[in-house]
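Comments concern the structure below.
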Amino acid sequence: MKKVISKKEAKEQIKKFFEDLKNKSPKDIKKIKKLAMSYKIPLKENRKLFCKCCLNPHKDPSIRVKKGLIKINCGECDYTSRWKIK
Ligand SMILES: [Zn+2]
């Protein structure tokens, strides 16, 4: 059964989720991504907090900055996320 919540509640849930991200599993992240998508809530900066490949939160990411790009290497699957510095 699907619980219906308001967009405001969904936003609140997502905010709380990312405050305690280090204790979350890839399964939880998948769920919150789905929630955000169904309510069309952009994750923005929060997307940088987990690996988009294996969905593990970046616990101790090795961050390198190079030519206007931030590179974060995932400790779980070795996937490298790249972000433009704004
Ligand atoms: Zn990964």
Side-chain angles (χ1 to χ4, degrees):
M1 208 169 75
K2 219 175 156 189
K3 217 174 94 192
V4 180
I5 55 170
S6 69
K7 189 169 180 177
K8 197 174 159 251
E9 280 173 311
K11 263 187 186 166
E12 203 58 37
Q13 261 189 38
I14 291 165
K15 201 180 141 230
K16 270 202 197 121
F17 180 88
F18 280 102
E19 276 168 6
D20 188 32
L21 186 71
K22 280 191 164 50
N23 298 313
K24 304 289 193 249
S25 70
K27 230 174 133 187
D28 297 328
I29 293 179
K30 210 172 189 174
K31 251 191 242 165
I32 214 78
K33 269 182 80 178
K34 250 191 185 165
L35 179 77
M37 255 157 58
S38 61
Y39 284 88
K40 294 190 174 70
I41 299 165
L43 294 178
K44 287 180 193 161
E45 296 295 302
N46 289 331
R47 284 172 58 229
K48 296 177 188 176
L49 301 175
F50 59 87
C51 173
K52 66 176 172 184
C53 187
C54 67
L55 299 179
N56 273 296
H58 290 307
K59 283 172 191 132
D60 186 23
S62 56
I63 300 170
R64 281 166 297 163
V65 181
K66 205 179 164 188
K67 287 179 193 162
L69 282 174
I70 302 170
K71 286 185 177 182
I72 303 176
N73 218 348
C74 173
E76 298 287 334
C77 71
D78 218 29
Y79 179 85
T80 308
S81 308
R82 291 176 182 84
W83 305 97
K84 263 185 200 154
I85 302 170
K86 279 170 220 154

Subject >> Verdict with supporting geometry, Cys74 and Cys54, side-chain contact (heavy atoms from CB on, under 4.5 Å) >> reply: CA-CA 9 Å; Cys74 173; Cys54 67; 3.6 Å; yes

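Ile41 contributes atom CD1, which lies 6.0 Å from atom NZ of Lys11 (distance to the nearest 0.5 angstrom). Atom CD1 in Ile72 sits 10.5 Å away from atom CZ in Arg64 (nearest 0.5 Å). We find the CG-CD1 distance between Leu35 and Ile14 to be 4.5 Å, quoted to the nearest 0.5 Å. For the atom pair CG of Leu21 and CG of Asn56, the computed distance is 10.0 Å after rounding to the nearest 0.5 Å. Note that CD1 of Ile63 and CD1 of Ile70 are 7.5 Å apart. Values are rounded to the nearest 0.5 Å. The CG atom of Asn73 sits 9.0 Å away from the CZ atom of Arg82 when rounded to the nearest 0.5 Å.
Considering only heavy atoms from C-beta on, Ser25 comes within 4.5 Å of Asp28 through its side chain. In this structure, His58 and Ser81 have side chains that are in contact, with non-hydrogen atoms separated by less than 4.5 Å. Here the side chains of Arg47 and Trp83 are in contact, with some heavy-atom distance below 4.5 Å. The shortest side-chain heavy-atom distance between Leu69 and Lys84 falls under the 4.5 Å cut-off.
A cation-pi arrangement, defined by a distance under 6.0 Å to the six-membered ring centre and an angle within 45 degrees of its axis, is absent between Lys52 and Tyr79.
Applying the side-chain contact (heavy atoms from CB on, under 4.5 Å) test to Glu9 and every residue at least two apart in sequence or in another chain returns Ile5, Ser6.
Hydrophobic clustering of Ile, Leu, Val, Met, Phe, Trp and Tyr side chains at less than 4.5 Å, counting indirect connections, unites Leu55 with Phe18. Note on Phe50: it clusters hydrophobically with Ile32, by side-chain heavy-atom contacts below 4.5 Å among ILVMFWY residues.
When the shell of 6.0 Å around NZ of Lys7 is examined, it contains more than 12 heavy atoms from other residues, nucleotides or ligands.
Note on Glu19 versus Lys16: no salt bridge recorded, every NZ/NE/NH1/NH2 to OD/OE distance being 4.0 Å or above.
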